[in-house]
J.: 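Pasting a structure below so you can have a look.
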Protein chains: 2
Amino acid sequence: MMELTRKGEYAIRGIVYLAKQAPGKVILVSEVAEATGVPQTFLAKIFQSFAKLGLVNSFRGTGGGFLLGRPAAKITLRQVVEAVEGPIIPNRCLTEDGSCIRENICTVHPVWRRVQGEIAAILDGVTLEDLARGE
Amino acid sequence: MMELTRKGEYAIRGIVYLAKQAPGKVILVSEVAEATGVPQTFLAKIFQSFAKLGLVNSFRGTGGGFLLGRPAAKITLRQVVEAVEGPIIPNRCLTEDGSCIRENICTVHPVWRRVQGEIAAILDGVTLEDLARGE
DNA sequence: CCATTTAAGACCGTTTTTGTCCTTTTTACT
DNA sequence: AGTAAAAAGGACAAAAACGGTCTTAAATGG
């Protein structure tokens, strides 16, 4: 359970690869795809969504490509993961606006809340810089 | 991301309902299903898998039904969740036998290891007794 | 034997995942 | 201006997972 999807894994691989480049250097999706072993068109989609969120910047046309939208130290693993996988929600009842109708579920509610908080805290504490320079 | 499936939620609802009963009392699936709002045949499947693991005991025929396989205090939320959802694996690379081929993935590896450990610890710390008596 | 209740497995529709493919737009270079 | 190189965007599709249902068999008590 609680498994990251391929998309999530690909996203991390791809953006970490960008983080390893010299700041300001523009990289082709094709290069990232090959280097990380991710299907190119799939990775392109992922990077497009990153671009919309400002996680990466993109340039079209000849000489185009991608680079980080801000310094690697300012991008957390949580931001990357949530960008592709959505918010960290261990249980549906955490989604709702405070309405957890069933009582027996509600005793579990605070447990999931803790799980959510712990995961978020861990992922918040790791930046692309950390990951790029090998911990 | 990281969301519990319906099955997982149903499983918790169902077994917590059992945990709320007087010890030794045998309960019908139909009763549990109705009380918790879970589809009966689906819940039956879940309880069957619980029975195989000893989380519950079952009796067939007239007067049959289910009850906890051991005291509620001896069943953790983690055991319940893993019984239906499988082991807690935030990332595929944690499954493998130490082989995390890609280097950039491997810098992420210890992070997922921590996530795995934290979730496990939280769920280990909660028993059905806790959940049954309302935290 | 008969009604009841779980056990086991086959089956099935829907949604999500994991991509591919094609067209369009933007850009740089000649 | 024309062309080649990229990313942007959308449609499409196979495969897997999810969320169940249904049927038949086996056990049990009366």
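Because the structure is a prediction, the values reported are computed rather than measured. Chain letters run A, B, ... following the sequence lines, proteins first and then strands; every chain starts at 1.
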J.: Name the nucleic acid region contacted by Thr41(B), choosing base, sugar-phosphate or nothing; use a 4.0 angstrom heavy-atom cut-off, strictly under.
T.: base
J.: Over how many whole Å does the gap from Gln40(B) atom CD to dC22(D) atom P extend?
T.: 12 Å
J.: Whole angstroms only, please: what is the CD1-P distance between Ile46(B) and dG20(D)?
T.: 9 Å
J.: When rounded to the nearest 0.5 angstrom, what distance separates CE in Met2(A) from CG in Asn91(B)?
T.: 14.5 Å
J.: What is the distance from CG of Leu67(A) to P of dA6(D), rounded to the nearest Å?
T.: 15 Å
J.: On DNA chain C, which is the earliest and which the latest nucleotide, 5' to 3', with an atom closer than 4.0 Å to a heavy atom of chain B?
T.: dA3(C) to dT18(C)
J.: What are the two closest non-hydrogen atoms of Leu18(B) and Phe66(B), and how far apart are they?
T.: CD2-O, 3.9 Å
J.: Evaluate the side chain to side chain contact (heavy atoms under 4.5 Å, CB included) criterion for residues Gln21(B) and Leu67(B): first the C-alpha distance (whole Å), next the side-chain angles of each, then the deciding distance (0.1 Å), finally the verdict.
T.: CA-CA 8 Å; Gln21(B) 307 305 313; Leu67(B) 44 73; over 6 Å; no
J.: In this structure, which one of Ile15(B), Ile75(B), Ile46(B), Ile27(B) forms a side chain to side chain contact (heavy atoms under 4.5 Å, CB included) with Val56(B)?
T.: Ile15(B)
J.: So which one's nearest nucleotide on DNA chain C is more toward 5', Phe59(A) or Arg60(B)?
T.: Arg60(B)
J.: Quick one: closest heavy-atom pair of Val80(B) and Leu55(B), and the distance?
T.: CA-CD2, 4.2 Å
J.: Take the C1' atoms of the five end pairs on each side of the helix from dC1(C)-dG30(D) to dT30(C)-dA1(D), derive the two axes, and give their angle rounded to 10 degrees.
T.: 10°
J.: OP1, OP2 of dG20(D) versus side-chain N and O of Tyr10(B): anything below 4.0 Å?
T.: yes
J.: Between dA26(D) atom C1' and Gln48(B) atom CD, what is the distance in whole Å?
T.: 12 Å
J.: I would like to know whether Val32(A) and Val38(A) meet side chain to side chain contact (heavy atoms under 4.5 Å, CB included); could you show each step before the answer?
T.: CA-CA 8 Å; Val32(A) 181; Val38(A) 174; over 6 Å; no
J.: Nearest whole Å is fine: how far is dG9(D) C1' from Phe42(A) CZ?
T.: 16 Å
J.: To the nearest Å, how far apart are Glu85(B) CD and dC18(D) C1'?
T.: 11 Å
J.: Pick base, sugar-phosphate or nothing for Lys7(A), based on heavy-atom distances below 4.0 Å to the nucleic acid.
T.: sugar-phosphate
J.: Take atom CZ of Arg6(B) and atom P of dG20(D), then tell me their distance rounded to the nearest Å.
T.: 6 Å
J.: For Glu118(A) and Arg114(A): C-alpha separation, side-chain torsions, deciding distance, then whether salt bridge (charged side-chain N to carboxylate O under 4.0 Å, His left out) applies.
T.: CA-CA 6 Å; Glu118(A) 287 293 336; Arg114(A) 276 187 62 202; 5.5 Å; no
J.: Measuring from Glu85(A):CD to Arg78(A):CZ, what's the distance to the nearest 0.5 Å?
T.: 14.0 Å
J.: Which is true for Phe66(A) with a 4.0 Å heavy-atom rule: it touches a base, it touches only sugar-phosphate, or it touches nothing?
T.: sugar-phosphate
J.: Please check the phosphate of dA6(D) (OP1 and OP2 only) for any side-chain N or O of Thr62(A) closer than 4.0 Å.
T.: no
J.: The test is side chain to side chain contact (heavy atoms under 4.5 Å, CB included); show your working for Gln79(B) and Leu53(B) and say whether it passes.
T.: CA-CA 10 Å; Gln79(B) 288 163 350; Leu53(B) 298 168; over 6 Å; no
J.: Counting C-beta onward and ignoring hydrogens, is there a side-chain heavy-atom pair between Trp112(A) and Leu123(B) closer than 4.5 Å?
T.: yes
J.: Closest nucleotide of DNA chain D for Gly64(A) versus for Lys52(A): which of these residues is on the 5' side?
T.: Gly64(A)
J.: Report yes if a donor N or O on one partner sits less than 3.5 Å from an acceptor N or O on the other, where the partners are the side chain of Lys45(B) and the base of dG19(D); otherwise report no.
T.: no
